[in-house]
Amino acid sequence: ATCTPKNRNDALHPLWQSPLTIPGGTRQSPINIQWRDSVYDPVLKPLKISYDPATCLHIWNNGYSFLVEFDDSADRSIIVGGPLENQYRLKQFHFHWGAINEWGSEHTVDSKFYPAELHLVHWNAVVYPTFEEAVMEGDGLAVIGVFLKLGAHHEGLQTLVDALPAIKHKDTVIEFDVFDPSCLLPPCPDYWTYAGSLTTPPLTESVTWIIKKQPIEVDENQLEAFRMLLFTSDGEEEKRMVDNFRPLQPLMNRTVRSSFQ
Ligand SMILES: NS(=O)(=O)N=C1NCCCN1
Ligand SMILES: [Zn+2]
């Protein structure tokens, strides 16, 4: 659901009851990635990803999305390289999706929406003592974005889909003790990267975004499973969890770099 405010500066987004735009924000997310305006940067390294499936803790419905959280008390599931100066620890991953397949992603490519988008959220534990502190710093977070497109059944995703009925309502959680999120990444190493923000509160401008060029394929039943989740708690009037994406934000004075030509 997106609001149609008269003045975007004081709009409250129905989902978060917080400002839709951050006053004075200069690096907000998500954005449209105009492929032809992105600049190939030969200095960008390949992104190195090493996740330990045993660091997986639980899967839960937080009333905005569903997320899988990881034990981030040590450097066991990390990413390094790419545009990053330090290594970053995996804290959680979650998704954004639409009510129908025509939209649902947060970022767009040449103004095209995908039906859903995966976010793998990492934080700079080399420099900052806690995730909460990293959230407030320009180089505190790194989020890998992966587009989902309608296509073949995704075996790895099915493990998550099978758990969703147990977390239908807001604030429900189940144990989820072995899952390797690497299975959700496309094989192609190509990515775009830009300096942005969190797309849900606190919306802080602390994210180095790494958006994979190649989407992963999931089937209709798997997308429908996302849409059976609820924003609402057990006992409340049911509201389906759909359209949990933030509207596009102005690019302002930013360049999107690509790791590929
Ligand atoms: N959609 S997002 O940019 O990842 N937003 C987040 N907000 C809270 C912490 C985790 N991520
Ligand atoms: Zn997200």
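For ligands, and for the atoms within them, numbers begin at 1 and follow the listed sequence. One-based numbering along the sequence shown. Computed from heavy atoms alone, side chains included, the values below leave out hydrogens, waters and symmetry copies.
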> Working to 10°, measure the angle at the Zn ion (ligand 2) formed by atom NE2 of H94 and atom ND1 of H119.
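It is 110°, given to the nearest 10°.
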> How far is atom 3 (O) of ligand 1 from its nearest protein heavy atom, and which residue and atom name does that atom have?
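For atom 3 (O) of ligand 1, the nearest protein heavy atom comes out as T199 N, 2.8 Å.
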> So between F131, F93, F245, W123, whose heavy atom ends up nearest atom 9 (C) of ligand 1?
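Of the listed residues, F131 has the closest heavy atom.
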> Centre-to-centre under 6.0 Å for H119 and W209, is that the case here?
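Distance test on ring centres: under 6.0 Å, yes.
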> Strictly under 6.0 Å, is that where the ring centroids of W103 and W97 end up?
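Centroid separation for W103 and W97: 6.0 Å or greater.
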> Can you name the atoms of ligand 1, numbered from 1 with element, that are less than 4.0 Å from a heavy atom of W209?
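Per the distance check, 3 (O).
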> As an exercise, identify every atom of ligand 1 less than 4.0 angstrom from a heavy atom of P201.
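Numbered from 1, ligand 1 contributes 7 (N), 8 (C).
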> Should T200 be counted as touching ligand 1, given the test is an N or O pair under 3.5 Å?
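Checking ligand 1 against T200, an N or O pair does fall under 3.5 Å apart.
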> With a heavy-atom distance limit of 4.0 Å, tell me whether K91 approaches ligand 1 through its side chain, its backbone, both, or neither.
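The answer is neither.
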> H96 heavy atoms, cut-off 4.0 Å: which ligand 1 atoms fall inside?
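This gives 1 (N) as the contact atoms.
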> Taking the basic N atoms (NZ, or NE/NH1/NH2) and the acidic carboxylate oxygens, is any pair closer than 4.0 Å for E220 and R227?
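Here E220 pairs with R227 in a salt bridge, since their nearest N and O are under 4.0 Å apart.
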> Taking only heavy atoms of H119, which atoms of ligand 1 are found under 4.0 Å from at least one of them?
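With H119 as reference, the close atoms of ligand 1 come out as 1 (N), 4 (O).
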> Side chain of D177, backbone of A54: donor and acceptor closer than 3.5 Å?
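Looks like no, no N/O pair under 3.5 Å.
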> Distance alone, cut at 3.5 Å: any donor-acceptor contact between the side chains of E238 and T232?
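E238 vs T232: no donor-acceptor pair found between side chains.
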> Surrounding CE of M228 (heavy atoms of other residues, nucleotides or ligands, distance under 6.0 Å), is the total greater than 12?
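Yes, CE of M228 has more than 12 neighbouring heavy atoms, counting only those of other groups under 6.0 Å.
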> For atom 11 (N) of ligand 1, which candidate among L203, T204, L198 holds the nearest heavy atom?
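Comparing heavy atoms across L203, T204, L198, the nearest one to atom 11 (N) of ligand 1 lies in L198.
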> Of all the atoms in ligand 1, which lie at a distance below 4.0 Å from a heavy atom belonging to Q92?
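Numbered from 1, ligand 1 contributes 10 (C).
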> Between I79 and V121, is there shared hydrophobic-cluster membership here, with clusters defined by ILVMFWY side-chain heavy atoms closer than 4.5 Å?
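Not linked; separate clusters.
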> Using side chain to side chain contact (heavy atoms under 4.5 Å, CB included) as the criterion, point out the one residue from L67, L184, V146 that pairs with F95.
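That would be L184.
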> Got the closest protein heavy atom to atom 4 (O) of ligand 1, with its distance?
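Of every protein heavy atom, H94 CE1, 3.1 Å lies nearest to atom 4 (O) of ligand 1.
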